[in-house]
Amino acid sequence: MITPELDGRVALVTGSSKGVGSELLLSLADCGGDVAVHYRSSEEDAREVAEQARNRGVTAISVQGDVTDPDSVDDFFSTIEGELGTVDVLINNVGPFAPDHWEDISFETWNTVFHGNVNGTYLCSKRALPGMRETEFGRIVNVGYASSEKGLINPKNAPYFMAKAAVLMFTRMLAADTQDDGITVNAVSPYVVENSDVFPDDLPRGRAATFEDMAQAVRFFLDEDSDYLSGVNVEVDGGWLPETV
């Protein structure tokens, strides 16, 4: 697996107390980065992940916060900066979804999907940028969805597909806006991952993406020599060519 040198770097993965987020965070710890495990409500899980990271020989803390609230985002970034230092690597992993027909989705849930995916990515990126600009180094990776390039939509889970398309547009905008700052902004977009709630009957290559598949793509963007790769979206989908979602 690609192994970027992250010694002396600080990494934050949002929503990293469990699932893909926790695996991505531990993968960065394996590369030598000090890490912040972010959670909203899963405090015990976050503490366990932080302990696993410390067992890899790095410094790790857990931070609580709501990525959709500007004050909360500022607070947990300030905690990270005070205990670990400037955030050099940001993985925007939080991405709630609602796999129901759009008319059956409550207004609250509809907003949760948009706020978590779009506003969370926007707020955390905006908060990370001053420190990255000051050090002239930054790596932001946003987690998308594999159909976002084609702009596909379905009445079921509609706000998620819409939100992930917005995340991809934001990624490309921010890549252009930071091209002179030593910062890269890219996206990693899976189809079905090994811990997904639903598995289609026909999977590309006969399997879902593993956590290692996701980590390989993320690590690719974090290397110092990947500094010309920005605004890129890597679809971790085994060659899936969607016509519908």
Side-chain angles (χ1 to χ4, degrees), residues 1-65 67 73 75-95 120-121 124-125 127-129 131-132 135 137-144 182-190 193-195 209-227 229 234 236:
M1 182 176 286
I2 298 170
T3 308
E5 178 56 66
L6 297 183
D7 286 353
R9 302 292 187 191
V10 175
L12 164 64
V13 181
T14 65
S16 49
S17 63
K18 57 181 67 175
V20 174
S22 65
E23 296 296 330
L24 291 178
L25 181 131
L26 293 174
S27 178
L28 303 190
D30 285 335
C31 296
D34 294 330
V35 292
V37 183
H38 164 262
Y39 69 97
R40 185 175 64 85
S41 57
S42 303
E43 180 177 5
E44 188 58 37
D45 290 329
R47 289 182 176 180
E48 290 179 7
V49 174
E51 182 61 28
Q52 291 178 53
R54 284 190 285 270
N55 290 338
R56 287 159 163 79
V58 303
T59 303
I61 62 171
S62 58
V63 292
Q64 191 277 335
V67 298
V73 169
D75 286 345
F76 70 72
F77 263 86
S78 294
T79 298
I80 296 167
E81 290 163 349
E83 297 192 31
L84 299 179
T86 299
V87 173
D88 304 294
V89 174
L90 169 64
I91 313 298
N92 285 306
N93 169 68
V94 169
T121 298
C124 290
S125 298
R127 181 59 179 79
L129 284 176
M132 292 180 175
T135 61
F137 178 89
R139 297 288 183 266
I140 298 175
V141 180
N142 301 322
V143 176
I183 299 166
T184 66
V185 187
N186 295 289
V188 169
S189 299
V193 185
E194 63 176 270
N195 68 326
T210 65
F211 295 136
E212 289 78 11
D213 293 325
M214 287 290 293
Q216 175 82 335
V218 169
R219 285 183 174 195
F220 173 66
F221 289 126
L222 304 187
D223 194 87
E224 290 196 18
D225 291 333
S226 295
D227 58 343
L229 300 170
V234 170
V236 186

Do you know the tightest heavy-atom contact between [X] and [Y]?
| X | Y | value |
| --- | --- | --- |
| Asp88 | Gly8 | OD2-O, 4.1 Å |
| Met1 | Gln216 | CG-OE1, 2.8 Å |
| Ala53 | Val35 | CB-CG2, 3.7 Å |
| Val236 | Ala217 | CG2-CB, 3.9 Å |
| Ser17 | Ser42 | OG-CB, 3.5 Å |
| Thr184 | Phe221 | OG1-O, 4.2 Å |

* Asked: Which pairs, with at least one residue in residues 209-219 and sequence neighbours excluded, count as a salt bridge (Lys or Arg N to Asp or Glu O under 4.0 Å)?
  ->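 As it turns out, the salt bridge (Lys or Arg N to Asp or Glu O under 4.0 Å) pairs with a partner in residues 209-219, which skip direct neighbours, are Arg207-Asp213.
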* Sequence neighbours excluded - salt bridge (Lys or Arg N to Asp or Glu O under 4.0 Å) pairs with any residue from residues 24-43 ->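 Those involving residues 24-43 are Asp30-Arg56, Glu43-Arg47.
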* Residues that Glu5 engages under salt bridge (charged side-chain N to carboxylate O under 4.0 Å, His left out), provided they are two or more places apart ->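 For Glu5, no residue satisfies salt bridge (charged side-chain N to carboxylate O under 4.0 Å, His left out) once neighbours in sequence are set aside.
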Partners passing side chain to side chain contact (heavy atoms under 4.5 Å, CB included) against [X] (at least two apart in sequence or in another chain):
| X | answer |
| --- | --- |
| Phe220 | Ile2, Leu229 |
| Ser125 | Leu90, Asn92, Thr121, Ile140, Asn142, Phe170, Leu174 |
| Asp75 | none |
| Ser22 | Val49 |

Can you find a pair of side-chain heavy atoms, one from [X] and one from [Y], that are under 4.5 Å apart?
| X | Y | result |
| --- | --- | --- |
| Glu194 | Met214 | no |
| Asn186 | Val234 | no |
| Leu28 | Leu222 | yes |

* Asked: Taking the side chain from Thr3 and the backbone from Cys31, do they hold a donor-acceptor pair closer than 3.5 Å?
  ->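 It does not hold such a pair.
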Output the distance between atom [atom1] ([X]) and atom [atom2] ([Y]), rounded to the nearest 0.5 Å.
| X | Y | atom1 | atom2 | result |
| --- | --- | --- | --- | --- |
| Ser62 | Ile80 | OG | CD1 | 10.0 Å |
| Arg127 | Met132 | CZ | CE | 11.0 Å |
| Phe76 | Thr14 | CZ | OG1 | 7.5 Å |
| Lys18 | Asp45 | NZ | CG | 4.5 Å |
| Cys124 | Leu12 | SG | CG | 6.5 Å |
| His38 | Thr79 | NE2 | OG1 | 11.0 Å |

Using side-chain hydrogen bond (donor to acceptor under 3.5 Å, both in side chains) as the criterion, list what pairs up with [X], not counting sequence neighbours.
| X | answer |
| --- | --- |
| Asn93 | none |
| Glu51 | Arg54 |
| Glu83 | none |
| Gln52 | none |

* Tell me, please, which residues at least two apart from Phe77 pass ring-ring contact (aromatic ring centres under 6.0 Å, His included). =>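 ring-ring contact (aromatic ring centres under 6.0 Å, His included) list for Phe77, sorted by chain: empty.
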